[in-house]
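Each remark here refers to the structure printed beneath this line.
What you see below is based on every heavy atom in this structure, not just the backbone, and it leaves out hydrogens, waters and symmetry mates. These numbers were taken from a predicted model, which means no experiment stands behind them. Proteins get letters first, then strands, A, B, ... in listed order; numbering begins at 1 in each.
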Amino acid sequence: MKKRTHTCGGLRGGDAGSVVVLNGWVASTRDHGGVSFIDLRDRHGITQVVVDSAAVPGAVGLRSEDVVCVEGEVRLRPAESRNPNRPTGDVEVVARGVTVLNRSKTPPFEITDKTTVREDLRLEYRYLDLRRKALSDNIEFRHRMCHSIRNSLSGHGFLEIETPLLIKTTPEGARDFIVPSRLHPGEVYALPQSPQLFKQVLMVSGMDRYFQICKCLRDEDLRADRQPEFTQIDLEMSFVDQEDVFFVVEDMLKTLWKDLTGAALSAPFPRLSYDECMRRFGNDKPDVRFGLELFDIGDIAAGCGFKVFSDVAASKGGSVKGICLPDGAALSRKEIDETEAVAKTHGAKGLAWIKLTPDGPQGPVAKFLSPNDVARIAERAGAKTGDLLVFVAAPFETTCAALAQVRLHFGRTRKLIDTSRNAFLWVVDFPMFGWNEDDKRWEAKHHMFTSTKGAMPNLGDDLSDVKANLYDLVLNGNEIASGSIRIHRPEDQQKVFDLVGFSRAEAETKFGWFLRALDYGAPPHGGIALGLDRLVMLMRGAESLRDVIAFPKTASGTCLLTTSPSPADDRQWADLGLQLRPKPAP
RNA sequence: GGGGGCGUAGCGCAAUUGGUUAGCGCACCAGACUGUCGAUCUGGUGGUUGCGGGUUCGAGUCCCGUCGCCCUCGCCA
């Protein structure tokens with residue numbers, strides 16, 4: 001094999017006259033009898049090779065995806081046959097010799113930029129799919145992101161430190177992937193949901209600033225934006241407060257955008273409290289590239305003649321909120337029904353609506369409301385004639401969730417979103433605790449190692465107003481990072497365990513090793529983790545995580561390339577001291 | 001665990017109310033052609049309609065079950 005002197009994307013007009021060697025895959029052939037053309041492809045591009053069929057017999061019978069070596073002279077193409085759609089379109093390589101390095105079977109699908117092939121087939125033949133430029137460009141982009149991130153964090157004094165994959169299983173949070181131990185039958189390792197405790201221990205070790213681009217694994221159901229194994233940019237810093245973490249992340253992202261897109265991000269990013277997010281947008285990861293903010297009409301609803309509103313307004317925890325869609329009175333009944341379906345999917349029993357027409361308010365709800373109530377609602381909504389008002393009356397969380405989705409639905413379908421913007425937003429002052437209705441107890445909303453703002457509450461207190469030093473970074477309505485300032489004093493950590501009903505005995509069994517570390521001079525510390533896959537997806541405008549991961553899993557957690565998971569054989573079970581339970585009878 | 005969508009040739013799709021031998025484009029095979037670049041032209045091969053069962057004189061089409069893929073709710077500290 002002659003080694004390549006250039007890639008298939010590298011030759012330009014200035015190379016005319018030089019003799020080169022190219023190695024690559026046959027993308028296509030066009031045989032004209034006496035002369036034929038070969039498009040030779042590698043990751044870098046496509047270069048046209050011209051073959052005089054009589055003089056260069058090696059090129060006869062080449063088929064798509066054959067791997068070949070071409071030696072020849074670079075020549076400027078005749079002016080009328082240049083291809084302006086390709087960077088290499090001004091030149092061609094006149095073949096002197098063509099060697100087949102390896103033949104290819106006819107591939108199950110064509111390797112083209114615009115693919116319409118079923119995704120499961122592409123996943124089964126992922127190595128062929130990855131030859132497509134759209135996909136290989138994503139993978140290259142991801143590499144350059146990691147490079148930029150490493151440079152940036154290294155410049156801020158961070159050390160990249162690996163943490164173990166086989167770790168101790170942790171209670172709460174996502175379901176752990178479990179790895180049975182052969183040397184200790186009946187005992188298991190867990191795969192990390194994140195390196196959380198290890199990075200905190202690294203702070204106790206005095207490592208000062210740690211980061212890692214690491215795999216995290218969670219045994220939960222998948223989505224287009226959720227894989228069972230995913231990658232985080234994980235970092236932790238000592239002797240810092242929230243602002244120090246924000247500064248590092250903002251600077252890292254500014255560098256990232258500059259390196260990869262050339263765009264200048266403006267920082268610091270805006271900050272919004274969790275409470276304000278919920279009030280104005282209905283969720284804690286708002287897309288702030290458009291308006292349509294929620295308004296509250298609980299007071300008006302309480303005294304109105306519409307029982308659905310007044311009953312909810314009078315109930316404990318009930319909330320009546322609305323959104324005003326400018327010029328929405330023109331919406332068809334079908335469009336409104338589709339909007340209601342969105343609200344129902346997210347828990348609302350229905351979607352009340354009023355069209356403000358020149359002939360007065362219209363809609364099934366309008367007749368239950370007095371003209372005065374409608375006027376007060378319209379004023380609060382900032383609505384004018386021609387607008388559409390929609391309302392949800394439900395428990396606060398449901399109202400927020402449903403209207404947040406309705407807002408997004410309107411944003412997308414009415415094309416209200418300025419997609420040229422990068423709307424970063426820090427969401428701060430999250431609640432520390434949430435009430436778990438199933439288990440009838442308080443639990444940590446993020447994790448139990450997050451510090452609270454102000455003094456620790458006492459056992460038996462209402463914990464719903466306790467705020468945490470907990471923050472998320474949101475980009476265009478997507479949560480891309482989450483972190484906190486941690487607890488560093490063992491007595492505070494014990495207090496949190498007590499508050500969430502985590503017994504001393506259990507705390508000792510599960511976290512004793514970590515609590516002991518806090519006993520030996522743990523510095524104040526905090527950190528954050530960014531979802532790398534989601535960040536790549538957003539920066540590339542990809543629709544699925546699968547388009548930015550080389551070897552992704554399907555929605556049911558399988559790998560179609562390798563056909564995993566697959567049954568373990570008897571010997572493997574025996575080594576582990578395990579046996580399968582019989583399937584329960586149907 | 002729930003809801004929705006899809007599954008027909010290697011790939012992408014079509015097939016009227018349940019009715020003739022399941023078609024079309026690309027790919028593939030053979031041939032022609034010295035300037036193509038989604039080459040073109042001529043001819044050709046290729047089907048367990050995901051799988052199993054049922055209804056029917058007759059099923060790609062209707063019914064039941066099952067498998068796979070995609071989206072989604074729950075879930076994901």
Under 4.0 Å: is that the gap between some side-chain N or O of [X] and OP1 or OP2 of [N]?
X        : N     : result
A/Thr554 : B/C69 : yes
A/His32  : B/A39 : no
A/Arg218 : B/C75 : no
A/Thr558 : B/G68 : no
A/Arg77  : B/G35 : no
A/Arg118 : B/G12 : yes
A/Arg82  : B/U36 : no
A/Arg30  : B/A39 : yes

**Prompt:** Between A/Asp120 and A/Asp39, who's closer to the 5' end of RNA chain B by nearest nucleotide?
**Reply:**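 In this pair, the answer is A/Asp39.
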**Request:** Could you pick out which residue, A/Ser64 or A/Pro107, lies toward the 5' side of RNA chain B when each is mapped onto its nearest nucleotide?
**Result:**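 Mapping each residue to its closest nucleotide by heavy atoms, the 5'-most match is A/Pro107.
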Parallel, tilted or perpendicular, judged at 30° and 60°: which one describes the rings of [X] and [Y]?
X        : Y        : answer
A/Phe109 : A/Tyr125 : perpendicular
A/Trp435 : A/Trp442 : perpendicular
A/Tyr471 : A/Phe246 : perpendicular

Would you say [Y] and [X] are linked by a side-chain donor-acceptor pair, where the criterion is simply a distance under 3.5 Å?
X        : Y        : answer
A/Thr169 : A/Asp176 : yes
A/Arg63  : A/Ser104 : no
A/Arg30  : A/Gln48  : yes

**Residues in contact with RNA chain B, drawn from residues 121-131 of chain A - heavy-atom cutoff 4.0 Å** =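 The stretch gives A/Leu121 as the residues lying under 4.0 Å from the strand, ordered by number.
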**Residues touching RNA chain B, which here means a heavy atom under 4.0 Å, drawn from residues 223-235 of chain A** =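 Nucleic-acid contacts, sorted: A/Arg223, A/Ala224, A/Arg226.
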Output a table of donor-acceptor pairs, distance under 3.5 Å, between side-chain atoms of residues 342-350 of chain A and any protein atom two or more places apart or on a different chain; print 'none' if there are none.
from	atom 1	to	atom 2	distance (Å)
A/Thr345	OG1	A/Ala341	O	2.8
A/His346	ND1	A/Val342	O	3.1

Rounded off to whole Å, could you give me the [atom1]-to-[atom2] distance for the [X] and [N] pair?
X        : N     : atom1 : atom2 : result
A/Glu119 : B/G68 : CD    : P     : 17 Å
A/Asp31  : B/A32 : CG    : C1'   : 10 Å
A/Glu397 : B/C73 : CD    : P     : 18 Å
A/Gln48  : B/A39 : CD    : P     : 11 Å
A/Phe37  : B/C37 : CZ    : C1'   : 8 Å
A/Asp90  : B/C37 : CG    : P     : 17 Å
A/Glu110 : B/C28 : CD    : P     : 7 Å
A/Glu80  : B/U34 : CD    : P     : 17 Å

Nucleotide opposite [N] in a Watson-Crick or G-U pair, distances under 3.5 Å:
N     : answer
B/C76 : none
B/G12 : B/C24
B/C41 : B/G31
B/U17 : none

Provide the distance between the two [atom1] atoms, one in [N] and one in [M], to the nearest whole Å.
N     : M     : atom1 : answer
B/U21 : B/C28 : C1'   : 24 Å
B/U55 : B/G74 : C1'   : 38 Å
B/G43 : B/A14 : P     : 27 Å
B/C33 : B/C41 : C1'   : 9 Å
B/G23 : B/G31 : P     : 28 Å
B/G44 : B/U49 : C1'   : 24 Å
B/G54 : B/G12 : P     : 31 Å
B/C11 : B/G47 : C1'   : 14 Å

**Request:** Please work out if A/Ser556 contacts a base, only the sugar-phosphate, or nothing of the nucleic acid, heavy-atom cut-off 4.0 Å.
**Result:**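 A/Ser556: backbone/sugar contact only, no base atoms under 4.0 Å.
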**Message:** Within the 4.0 Å heavy-atom criterion, would you say A/Asn85 contacts the bases, only the backbone, or no part of the nucleic acid?
**Reply:**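 It contacts nothing in the nucleic acid.
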**Message:** Looking at A/Lys453 and A/Asp429, is any side-chain nitrogen of the basic one under 4.0 Å from a carboxylate oxygen of the acidic one?
**Reply:**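 Between A/Lys453 and A/Asp429 there is a salt bridge, with a charged N closer than 4.0 Å to a carboxylate O.
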**Prompt:** Any ring-ring contact (aromatic ring centres under 6.0 Å, His included) pairs touching residues 32-60 of chain A, not counting sequence neighbours?
**Reply:**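 Of all non-adjacent pairs touching residues 32-60 of chain A, those that pass ring-ring contact (aromatic ring centres under 6.0 Å, His included) are A/His32-A/Phe37.
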**Asked** With sequence neighbours excluded, what pairs up with A/His447 under the ring-ring contact (aromatic ring centres under 6.0 Å, His included) test?
**Response**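 Expected list: A/Phe449.
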**Request:** Apply side-chain contact (heavy atoms from CB on, under 4.5 Å) to the pair A/Val406 and A/Val390, showing each step before the final yes or no.
**Result:** CA-CA 9 Å; A/Val406 166; A/Val390 299; 4.2 Å; yes
**Request:** Identify the heavy atoms of A/Arg96 and A/Glu73 that sit nearest to each other, and give their distance.
**Result:**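 Answer, listing the atom of A/Arg96 first, then A/Glu73: NH2-OE1, 3.5 Å.
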The side chain of [X] is closest to which nucleotide in this list: [options]?
X        : options             : value
A/Val117 : B/A27, B/C11, B/A39 : B/C11
A/Val35  : B/G10, B/C71, B/U34 : B/U34
A/Arg546 : B/C76, B/U36, B/C71 : B/C71

**Asked** Does the aromatic ring of A/Phe109 sit over the six-membered base ring of B/C11, closer than 5.5 Å centre to centre and tilted less than 30°?
**Response**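 Stacking is absent between B/C11 and A/Phe109, given that the ring centres and planes do not meet under 5.5 Å and under 30°.
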Can a donor-acceptor pair under 3.5 Å be found between the side-chain atoms of [X] and the base atoms of [N]?
X        : N     : result
A/Arg75  : B/G35 : yes
A/Asp221 : B/C76 : no
A/Glu92  : B/G35 : yes

**Request:** Check salt bridge (Lys or Arg N to Asp or Glu O under 4.0 Å) between A/Arg223 and all other residues, then give those that pass, not counting sequence neighbours.
**Result:**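 For A/Arg223 there are no salt bridge (Lys or Arg N to Asp or Glu O under 4.0 Å) partners, ignoring immediate neighbours.
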